[in-house]
Structures are given as C-alpha cells and as structure tokens.
Amino acid sequence: MTNLADGIAVVAWGWIASLLTRDALLVALVPVALRLPWFLLALPAGLVTDRVDRRRLIIAMDAVRALAFLGAALALWGALPLDAAPDKGVSAPGLYSALMLAAFVVGGAEVFRDNAAQTMLPALVSKDRLERANGQLWSAELLTNALIGPALGAFLIGLWLPLAFGLNALAYGGAMLLVAGLAGRFRAVRSDRRGWRAELGEGFLFLRGMPLLKTLAWTTGFWNLFHQMIVIGVVLHAQENLGLSAQAYGLTLAGGAVGGIAGSLMGERIARSLGPTRTMQWTLAASGPCFLAMALAPGAWTLGLCFAAMEFTGFVWNVVSVSTRQRLIPDALLGRVNSLYRLLAWGMMPLGLVLSGLVVSLGETFVARDLALVLPFWVAGMGSFGVAALVWGGIARGFAGISR
C-alpha cells in the first residue's frame, strides 16, 4: 500500500513541479526536498529504531505521510487552475512552497519508517532465507512502486491533478491498519541504554570495523547519486525531446519495474550461482552502459528497455547487499548501523538531483537545450564506470574477509 502511494508520487512530484516551472533546477528541487531528510535525519532514525517498538514506529510515520499528502492535495486543489509555467521562476510560488514542504515531511517520515521496516525483517525470517525474503519484498515493492504506481499516477494526473496526492493519503491509512495487525516482538533486546553519543559511536565503530559494509555503502551512495541524476533528468527529456505524454512517461517508468521485479526474484538464484562477489561486481559494472543507452534511446519503448536493464542489475545488487548487511549486523545495533549505512547510501541522492539540474543549466550555455537535457545521462554513465573500476577489488577483498 505504501509503495503504491510512493509509485504514484514518483510521477506526481516531478510532473506537477514541471507544470509550475520549466527551469530544470527548480524542478529538481522538489525531489531534493523529498530526499534531503535522508542526509539530515538518518542518524536520529537509527537511534530511535533501536530504542522503540519498530512496528509502532512504522505506523506513526505512515500517519505523518498520510497527513502530508492530504495537505498537498488540498493545496493543489486550492491553486487550480494553474497558469502557464514560465521558463524561469514559478507560476504559483505558494503552491510550489507547499509542495516543497510536503515533500520534506514525507521524506522525513520515510527515513524513520524505512529504517524500522528493514531492521524488522531478521525478526521475521531466519538468516539463511534473507535473500529470498528481501527478493520477495523488493518485487512486491516494485510491482506497486514502479509498475502499477507510475501508470496510475499518470492516469490520475490526467484525470484531475489533486487525485494523485489525495489517493496516497488513503493508501497510507490502509497500510497503517495492515501493519497494526502484525504479531510479534519488534523491539531490540538491549542490556543497557546509554547517551545518544555513546550509542551512535558504538554503531560507527562497528561500521568502521567492517570494510565490506563501508565499501558497499559508498558504492551504493554514488550509484544512487547517478540514478537520481537520470530519474529527474528524464522528466524534461521525455517531455521536450521525446514528446511523451504523462501516460507514456508513466509506462516508460513501468518498464523499469518489470526489470526490477525480475532482478528481485532472480537475485537469490544469481547470487548462489555466481557467488556474492561476482554478482555485485558485474551488476555494478552493467549500470554504466544502461545510463549511456538512455541518452541515445529514440522513443518510449527503447527508453523503457533501458530502464528495465538498469533496474534489473540494481535490484540484484540490492538483494545481495541488504541481505549481507542484515546478516552481519547484530540486532541490537541494526538500527544504528543501518542508519549510518543509509546516510552514506541515500544521503547522496539530493546531491544527484541538484547536480542533474546544474548540469542541464550549465550545459545550455554551451550547447542547444535538447543536447543539454541528455547531459545528466552521460555524466551518470561515465561516473558509474569510474566507481565500478575503483571498488572492484574492494568488493572481492571484503567478501573474502568475512568468509574467513
């Protein structure tokens, strides 16, 4: 339910922002507000997750997100009809500010909610089934977040703009009821409780002492940076260069979901066949060509295929990396170490969004706008090649170290 809402919002945030301004940087700032809390709140989220009942924390954060989306829907409703979007500045400053605030609140609640949800999984399944369980969760997430959600979001935008956010509020309400009925113990067993500095330091020392986790965290961070560059860059590229409607754009993103679902369900099998080291090395190496191919895709179908290939490799990586993290980190430390990891891995997302807008804005001073709009894909592709080359050996040494 929550990922269905997130999938609807994937289209809604950027598309509605593009109806208020054609400035690539201003369009990018709305999803920046959504991702910035990962940098600001990841550490507090880890401390809270290790201190409270994780199920109750999930319910509380979903309630916050429901209210934020309801507020965004009401603000959008009150601003209709929208004026034409200017090339510079915004047509409705009040609505733009409301969207930024709602995005920040949703993103902040998501930091706490997702950290709690990921740390709950080892309490539900045995360690030897983590890859399978994570793969099933990722596939369910992608089915709703990236396959059904974007297409539904595009349809709702075309039907009536506020529906995209209003339906999200209902979805989060339904999710709260489902999680409330989940039975089990979801508070970490701890022998003592110290000050937040000491507790955070304990998590930091554990992460610093695990070279593999550090390598995976930084690698995921840079991949997310490049991924966010192309996710926000494709909005204006799809509209202006490819001439896609909101519906066609949503279906293009759904193509990525198909690849991601396949990667999630096949991740365990691939990891068992190739081993975790080669699986992570080769899935990382494949991301660079996928980013570059997006810049060259001539239409919706080819762009959708590029998204499918990119998400396939990305979610095979996720299945292995998340399961490795859950297996190596003790439950009493899982919230804190997980938050430190995700600070590195997710905290770089806002930088990717801003960088995408800056690359387009600066590129327009040297090349035509149609070429400037695909520059983020080229930067992401070349950057991905560089990261893969730098960490190739570190991944091998890290897995060798934990197997001894």
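Note: hydrogens, waters and symmetry copies are ignored here, and every other heavy atom, side chains too, is used. Everything numeric in this text was worked out from a predicted model, so none of it was measured. Nothing fancy with the numbering, it's 1 onward along the sequence.
Interatomic distance, L334 CG to Q326 CD, rounded to the nearest 0.5 Å: 7.0 Å. Going from atom CG of L76 over to atom CD1 of I16 covers 5.0 Å, rounded to the nearest 0.5 Å. For the atom pair CD1 of I230 and CE of M310, the computed distance is 4.5 Å after rounding to the nearest 0.5 Å. I58 contributes atom CD1, which lies 8.0 Å from atom CG of L182 (distance to the nearest 0.5 angstrom). Separation of atoms CG (L207) and CD1 (I329) is listed at 7.5 Å; rounding is to 0.5 Å. Rounded to the nearest 0.5 angstrom, F204 CZ and R208 CZ are separated by 5.5 Å.
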| request: Under the salt bridge (Lys or Arg N to Asp or Glu O under 4.0 Å) rule, what do D87 and R22 come out as? Steps first, then yes or no, please. | output: CA-CA 5 Å; D87 293 334; R22 304 307 295 175; 5.8 Å; no

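Residue L353 comes nearest to A28 through the heavy atom pair O-CB, 3.4 Å, listed as atom of the first residue, atom of the second, then distance. Taking all atoms of both residues into account, the shortest heavy-atom contact from L19 to A85 is O-CB, 3.3 Å. The minimum heavy-atom distance between S245 and W15, with the atom names listed, is C-CH2, 3.7 Å. The heavy-atom pair separating A295 from W378 by the smallest distance is CB-NE1, 3.4 Å. When every heavy atom of A103 is checked against every heavy atom of V30, the shortest pair comes out as CB-O, 3.7 Å.
Proximity of a side-chain donor or acceptor of D62 to a complementary backbone N or O of M176 within less than 3.5 Å is not detected. For S139 (side chain) and G135 (main-chain N/O), a donor-acceptor pair under 3.5 Å exists by modelled atom type. For T2 (side chain) and Y172 (main-chain N/O), no donor-acceptor pair under 3.5 Å exists by modelled atom type. Between the side chain of R336 and the main chain of E199, a donor-acceptor pair closer than 3.5 Å is present. In this structure, N168 contributes its side chain and A5 its backbone to a donor-acceptor pair below 3.5 Å. In this structure, R187 contributes its side chain and R51 its backbone to a donor-acceptor pair below 3.5 Å. Distance alone, capped at 3.5 Å, is enough to place a donor-acceptor pair between the S287 side chain and the L284 backbone. Side-chain atoms of S323 come within 3.5 Å of backbone atoms of V319 as a donor-acceptor pair (strictly under, hydrogens ignored).
When the shell of 6.0 Å around CZ of F39 is examined, it contains 12 or fewer heavy atoms from other residues, nucleotides or ligands. In this structure, M100 places its CE atom where more than 12 heavy-atom neighbours from other residues, nucleotides or ligands lie under 6.0 Å away. Taking a 6.0 Å sphere around CZ of R269, one finds it holds 12 or fewer heavy atoms contributed by other residues, nucleotides or ligands. When the shell of 6.0 Å around CH2 of W160 is examined, it contains more than 12 heavy atoms from other residues, nucleotides or ligands.
For the ring-ring contact (aromatic ring centres under 6.0 Å, His included) test, residues two or more places apart in sequence or in another chain that qualify with W13 are F69, F165. Remark: S18 engages Q239 in a side chain to side chain donor-acceptor pair (under 3.5 Å) (not counting sequence neighbours). Scanning for ring-ring contact (aromatic ring centres under 6.0 Å, His included) contacts around Y341 gives an empty result, with sequence neighbours left out. Partners of R272 according to the salt bridge (Lys or Arg N to Asp or Glu O under 4.0 Å) rule, which considers only residues two or more places apart in sequence or in another chain, are E268. Partners of F377 by ring-ring contact (aromatic ring centres under 6.0 Å, His included), not counting sequence neighbours, listed by chain and number: H237.
Ring pair W223/H227 is parallel by interplanar angle, where below 30° counts as parallel and above 60° as perpendicular.
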Donor-acceptor pairs under 3.5 Å, side chain of residues 140-157 to any protein atom, not counting sequence neighbours: which ones?
from, atom 1, to, atom 2, distance (Å)
T144, OG1, A140, O, 3.0
T144, OG1, E141, O, 3.1
N145, ND2, N3, OD1, 3.3

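Judged purely by distance below 3.5 Å, without hydrogens or angles, the side chains of T49 and T119 never pair a donor atom with an acceptor atom.
Checked against the 6.0 Å centroid threshold, W317 and W282 do not count as a close aromatic pair.
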